[in-house]
There are 2 protein chains.
Amino acid sequence: MCIFEESDDYMIGKAQKHITCATCKARKDSLFCTFKDDDLDNLDQVKSCNFIKKGQSLFLEGGIPRGVYCINEGKIKIFTRGEEGKEQIIHLAKQGEVVGFRAMFSGDPYVVSAETLEESSVCFIAKNDFLDLIDTNTILRDGILKELSTELAERASFVTNMSQKSVRERLASILLILNNIYADEYINLSREDLANFVGTATETLIRLLKDFKDDRVIKTHVRKIEILDTNLLESIAGL
Amino acid sequence: MCIFEESDDYMIGKAQKHITCATCKARKDSLFCTFKDDDLDNLDQVKSCNFIKKGQSLFLEGGIPRGVYCINEGKIKIFTRGEEGKEQIIHLAKQGEVVGFRAMFSGDPYVVSAETLEESSVCFIAKNDFLDLIDTNTILRDGILKELSTELAERASFVTNMSQKSVRERLASILLILNNIYADEYINLSREDLANFVGTATETLIRLLKDFKDDRVIKTHVRKIEILDTNLLESIAGL
DNA sequence: TCAAAAATATGACCTTAGTCATACTACAAA
DNA sequence: TTTGTAGTATGACTAAGGTCATATTTTTGA
């Protein structure tokens with residue numbers, strides 16, 4: 001299931017052509033954007049690069065954290081499962097994001113799972129190497145603190161939206177978020193994943209998408225979703 | 001409204017008899033539990049002690065963070081407001097907890113508000129002093145990272161509970177949490193606050209409390225709530 | 001290219017929980 | 001004590017959205 005748990009040496013097997021941090025186009029948006037030549041050389045030494053198929057897990061809820069994953073290319077969903085096993089997507093990570101670093105500090109197993117939504121290229125940095133980086137690089141450390149704080153703030157408003165907004169409003173909000181994540185391409189998520197992000201039943205989500213289509217807010221290209229009117233979406237979301 | 005914003009010098013006015021960190025009984029449960037004599041002396045120098053009436057704000061959503069608040073005695077609700085102004089309580093902090101430190105790192109205004117639920121004794125540490133402590137004390141720094149990580153994990157499951165559990169299940173979960181926070185005393189929250197924690201309407205909450213009373217799960221002493229059967233609550237919560 | 005499986009879509013129905021109106025109770029102030 | 005006010009409680013009604021059944025379309029793989 002989880003490719004990084006296939007063997008004791010979790011870096012074996014899927015390693016692909018090495019991506020050099022110094023020239024990595026995703027790095028400018030990442031926690032490592034301030035790294036200088038020396039830091040980059042060091043990072044290059046300790047990391048491994050992996051090419052991961054769609055639908056593979058990077059790590060699973062309950063698993064033991066071994067390191068962090070830096071996304072070079074592709075999209076990763078971060079989710080928990082409720083009692084009945086239903087997924088709740090908490091976050092959708094794209095290139096440049098580092099996922100799984102929260103678990104480096106808590107000392108506990110993962111409380112979320114991470115799975116690729118499309119073919120992805122992901123670099124792995126082992127826990128000790130990552131913690132060493134933080135000890136020796138105060139800018140990185142401050143970046144981590146800031147990132148954790150920002151996510152905590154986002155999650156507070158996520159809770160509030162979940163408890164106070166209607167499914168229709170939440171769908172509008174999520175579509176706006178996805179529109180940014182998918183930047184210049186159409187949103188490409190299954191109806192089920194989208195429902196699990198909004199926190200609703202798949203049937204309800206499909207019905208609402210139809211309403212949005214009728215109202216010319218979105219257009220669908222089979223499974224892909226094109227956003228036609230962000231202003232209207234914002235007003236539906238109550239922003 | 002917010003006592004710390006009454007004047008430019010936010011430490012003036014409400015300062016009360018100084019609580020010595022070295023003898024503070026709440027400290028053993030706090031981020032500062034590992035502090036040695038020197039650290040404690042330093043902390044004593046930079047902090048101010050305040051006695052705060054029930055229903056006062058420590059800080060408000062949208063306000064500029066000035067420092068952190070260490071709870072010596074009392075309980076503080078941390079909440080956001082949705083579009084219609086309805087509160088969603090995110091966390092309920094008790095003695096020993098440090099509130100507001102997330103905002104020290106994000107560089108943004110507060111995204112939550114903090115308000116006392118009862119008469120409280122709270123120490124204030126200004127932002128720069130707090131950041132200095134973190135720079136010079138790696139144990140504190142690691143404690144902060146761990147605390148942020150743990151809260152982030154808790155909040156992920158909060159989101160999932162909100163989206164997948166019924167109000168009845170959520171109420172049971174929240175009552176169990178409150179039972180720990182209120183330890184050896186009865187839960188003492190208004191029906192409205194409780195509803196805002198569970199994320200429901202006050203009327204719905206009252207109806208469910210009645211069901212729980214009928215089922216001998218809880219007993220009410222006017223507004224206070226006594227938990228009679230934690231096992232039953234756990235099974236209702238779906239744990 | 002075709003069959004099977006998976007994903008998407010739609011209808012019918014019903015439960016949960018929100019809203020509004022109103023009544024009751026506890027507590028604080030005069 | 002009385003009275004006002006805020007908090008608590010209950011009833012009636014309604015709408016949002018979940019579930020289950022089934023149909024249709026798209027994708028996958030032999």
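In what follows, every chain begins at residue 1, and chains take the letters A, B, ... in the order their sequences are listed.
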(message) For B:Y110 and B:F59, take the angle between the two ring planes, folded into 0 to 90°, and tell me which bin it lands in: parallel under 30, tilted 30 to 60, perpendicular over 60.
(response) parallel
(message) Assuming nearest nucleotide by heavy-atom distance, tell me which of A:E203 and A:S163 is located more 5' along DNA chain C.
(response) A:E203
(message) For D:dG18 and A:T204 - does any side-chain N or O of the residue sit under 4.0 Å from the phosphate oxygens OP1/OP2?
(response) yes
(request) Send over the distance from B:D193 CG to D:dA6 P, rounded to a whole Å. (result) 16 Å
(request) Using a cut-off of 6.0 Å, state whether more than 12 heavy atoms not belonging to A:E61 lie near its atom CD. (result) yes
(message) For a quick check under 3.5 Å, do B:T150 and B:E147 share a side-chain donor-acceptor pair by atom type?
(response) no
(request) State plainly whether the residues B:E118 and B:K54 are in salt-bridge range, i.e. N to O under 4.0 Å. (result) no
(request) With heavy atoms under 4.0 Å as the rule, sort B:K213 into base, sugar-phosphate or nothing. (result) sugar-phosphate
(request) For A:T200, report the nucleic acid contact type (base, sugar-phosphate, nothing); a contact means any heavy atom under 4.0 Å. (result) sugar-phosphate
(message) Closest-nucleotide mapping onto DNA chain C: is B:V167 or A:T220 further toward the 5' terminus? I mean the 5' end.
(response) A:T220
(request) Could you tell me which residues satisfy ring pair (Phe, Tyr, Trp, His ring centres under 6.0 Å) with A:F79, sequence neighbours excluded, listed by chain and number? (result) none
(request) Decide whether B:S163 and A:Q88 meet the rule of one side-chain donor and one side-chain acceptor closer than 3.5 Å. (result) yes
(request) Answer yes or no: is there an ion pair linking B:K165 with A:E83, defined by an N-O contact shorter than 4.0 Å? (result) yes
(request) Look at the aromatic rings of A:H221 and A:Y186 and report parallel, tilted or perpendicular, splitting at 30° and 60°. (result) parallel
(message) Distance alone, cut at 3.5 Å: any donor-acceptor contact between the side chains of B:H91 and B:E97?
(response) yes
(request) Whole angstrom is fine here: how far is it from CZ in A:R207 over to C1' in D:dA21? (result) 12 Å
(request) Let me know the distance between CD of B:E192 and P of D:dA9, rounded to the nearest Å. (result) 13 Å
(request) Can you check whether any acceptor in the base of D:dG17 is under 3.5 Å from a donor in the side chain of A:R168, or vice versa? (result) no
(message) In this structure, how many angstroms lie between the P atom of D:dG17 and the CD atom of B:Q164, rounded?
(response) 16 Å
(request) Produce a footprint string for nucleotides 22-30 of chain D: one letter per nucleotide, 5' end first; B if the base is under 4.0 Å from any protein heavy atom, S if only the sugar-phosphate is, - if neither. (result) ----SS---
(request) Quickly work out the A:R191 CZ to D:dG18 C1' distance and round it to whole Å. (result) 19 Å
(request) Considering only heavy atoms of chain B and a distance under 4.0 Å, specify the first and last nucleotide of DNA chain C in 5' to 3' order that meet this criterion. (result) C:dA17 to C:dC20
(request) Quickly work out the B:I206 CD1 to D:dA6 P distance and round it to whole Å. (result) 16 Å
